[in-house]
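Input: a single structure, listed below in structure tokens.
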Protein chains: 2
Amino acid sequence: MGFIVEAEVSHDVVLEPPPNFSMVEQGIYRSSFPRPCNFAFLETLNLRSIIYLCPEPYPEENLEFLRSHNIRLFQFGIEGKTEPSLTTLRDSIRGALKILMDVRNHPILIHCKRGKHRTGSLVGCLRRLQNWCLPSVFEEYQHFAGIKSRSDDLKFIETFDIICLRQCLHSIIYHYQGYGSNKRLLLYGDESVRKSQIISS
Amino acid sequence: MGFIVEAEVSHDVVLEPPPNFSMVEQGIYRSSFPRPCNFAFLETLNLRSIIYLCPEPYPEENLEFLRSHNIRLFQFGIEGKTEPSLTTLRDSIRGALKILMDVRNHPILIHCKRGKHRTGSLVGCLRRLQNWCLPSVFEEYQHFAGIKSRSDDLKFIETFDIICLRQCLHSIIYHYQGYGSNKRLLLYGDESVRKSQIISS
């Protein structure tokens, strides 16, 4: 038996991704709420940050996992059962998008409870920013929400306006580079860009 | 208005991913059969290769897109309607895995017709190689197959044996690095590895 196969066998740990796990983009993942049985899998992602979209406090065992792996937690508490006010929801999604688009926070995992509605809404707004056509954005949302798809979420994604997205771009001074390019998702603006930002603001 | 926003507006092309599109892994994508309306989106992926899993010839307009973007086509013709023989299916999946695991072919897109069964089977075998637990592998398959999920595919993924996977590893002399690591998916073996391969074969 050769070297490679022996090495492979020695790393034969069975990994359990959280339900509804998927890669969204280079350095961006999504899932449902990770449980301790998922921690071995999460370790392989080398996460730098987590965006958590529920108002409930993060469980101690998850906090311990974060501490021991130097993972930063960004919490945006969006109510899951009662309908959040549109203003609150917009503010949370906008805040989460700014964190999500900042490559200094990558690799990053987005999750809520089931990885369907709140996570789906955030990813949907990211896709709009990436200029995906609306039917494709909706298809992806529905992929993860399944029969639990909510028309309110789809409407929210559709009406999340370009002015808001532009404000995000303005406020973080990065230049979005487009999906799948070999460049990183967002690049830090160089000096000339910073100057034009300062002038324009 | 600042520099960044103006640049963003000028790149405001609406992109239409093929149905059932998703990122599988860094440098690996999956989808249904791409049509010309999806070509602008595919351009953003900077593809180097495509794995096409149907026996039907590739349409001329798709071939022209590949030629003009220097994308290499790897075709493994698996019958979609009639049940392929298990030996034929195994050989095709094994061949496709070797191409898929070779980072020199990345970024790479896997597709069949609907991106459900043949593509799902190939991705399922990749996940087994990545040591994902079987319920997670099945969940991902079913995500994309939806109500069209086929028990034969699940059985195929489950029984696609580790010996076969090891043969893949042997034959391409790469060392698999694990999901989500910062290293590339597969690294070329160094000299000592090559020597041990030669000795072991």
Side-chain angles (χ1 to χ4, degrees), chain A residues 1-5 7-9 11-27 29 41-47 107 129-136 139-140 143-144 146 165-166 169-170 173-176 178-182 189 192-193 195-201, chain B residues 1-5 7-9 11-27 29 41-47 107 130-136 139-140 143-144 146 162 165-166 169-170 173-176 178-182 189 192-193 195-201:
Chain A
M1 191 181 280
F3 173 82
I4 289 169
V5 174
E8 183 66 20
V9 171
H11 291 99
D12 204 18
V13 179
V14 176
L15 299 171
E16 186 177 344
N20 251 348
F21 172 82
S22 184
M23 193 165 185
V24 175
E25 189 60 69
Q26 195 173 319
Y29 305 92
F41 173 78
L42 290 189
E43 276 179 7
T44 70
L45 304 181
N46 295 314
L47 294 176
L129 186 58
Q130 293 181 303
N131 289 328
W132 280 33
C133 67
L134 211 54
S136 299
E139 189 205 84
E140 186 179 42
H143 232 132
F144 291 90
L165 297 175
R166 281 180 194 165
L169 286 172
H170 261 291
I173 326 181
Y174 298 144
H175 186 149
Y176 173 63
Y179 186 88
S181 90
N182 282 334
S192 63
V193 175
K195 273 177 198 158
S196 77
Q197 280 297 319
I198 293 161
I199 291 162
S200 69
S201 62
Chain B
M1 190 181 281
F3 174 83
I4 290 169
V5 174
E8 184 65 20
V9 172
H11 291 99
D12 204 19
V13 180
V14 176
L15 299 171
E16 186 177 344
N20 252 346
F21 172 82
S22 183
M23 194 164 186
V24 176
E25 187 62 68
Q26 194 173 321
Y29 305 91
F41 172 78
L42 291 189
E43 276 179 8
T44 69
L45 304 180
N46 295 314
L47 295 174
Q130 293 181 304
N131 289 329
W132 281 32
C133 66
L134 210 53
S136 299
E139 190 205 82
E140 186 180 43
H143 232 132
F144 291 91
I162 196 74
L165 297 176
R166 281 179 194 164
L169 287 171
H170 261 291
I173 325 181
Y174 297 144
H175 187 149
Y176 173 64
Y179 185 89
S181 90
N182 282 333
S192 64
V193 175
K195 272 177 198 159
S196 77
Q197 279 299 317
I198 292 161
I199 291 163
S200 70
S201 62

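A note on names: the letters A, B, ... follow the listed sequences, proteins ahead of strands, and every chain is numbered from 1. As the structure is a prediction and not an experimental result, all values here were calculated from the model.
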Open item on the list: If I take atom CE from residue A:Met23 and atom CD from residue B:Glu25, how far apart are they, to the nearest 0.5 angstrom?
Closed with: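 A:Met23 atom CE to B:Glu25 atom CD measures 6.0 Å (nearest 0.5 Å).
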
Open item on the list: Counting C-beta onward and ignoring hydrogens, is there a side-chain heavy-atom pair between A:Pro17 and B:Trp132 closer than 4.5 Å?
Closed with: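 SC-SC contact between A:Pro17 and B:Trp132 confirmed.
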
Open item on the list: Among B:Gly146, B:Pro135, B:Cys133, which residue has the highest count of heavy-atom pairs closer than 4.5 Å to chain A?
Closed with: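 Heavy-atom pair counts peak at B:Cys133.
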
TODO: Please flag which part of A:Glu16 lies under 4.5 Å from any non-hydrogen atom of chain B: side chain, backbone, both or neither.
DONE: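 Both parts, heavy atoms under 4.5 Å.
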
Task: side chain to side chain donor-acceptor pair (under 3.5 Å) partners of A:Glu43, counting only residues at least two apart - done: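 For A:Glu43, the residues satisfying side chain to side chain donor-acceptor pair (under 3.5 Å) (neighbours in sequence not counted) are A:His69.
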
Open item on the list: Has A:His143 got a side-chain atom pairing as donor or acceptor with B:Asn20's backbone, closer than 3.5 angstrom?
Closed with: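 Not confirmed, A:His143 side chain does not pair with B:Asn20 backbone.
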
- [ ] List the atom of A:Val13, the atom of B:Asn131, and the distance in Å for their closest heavy-atom pair.
- [x]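 Nearest heavy atoms, A:Val13 then B:Asn131: O-CB, 3.1 Å.
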
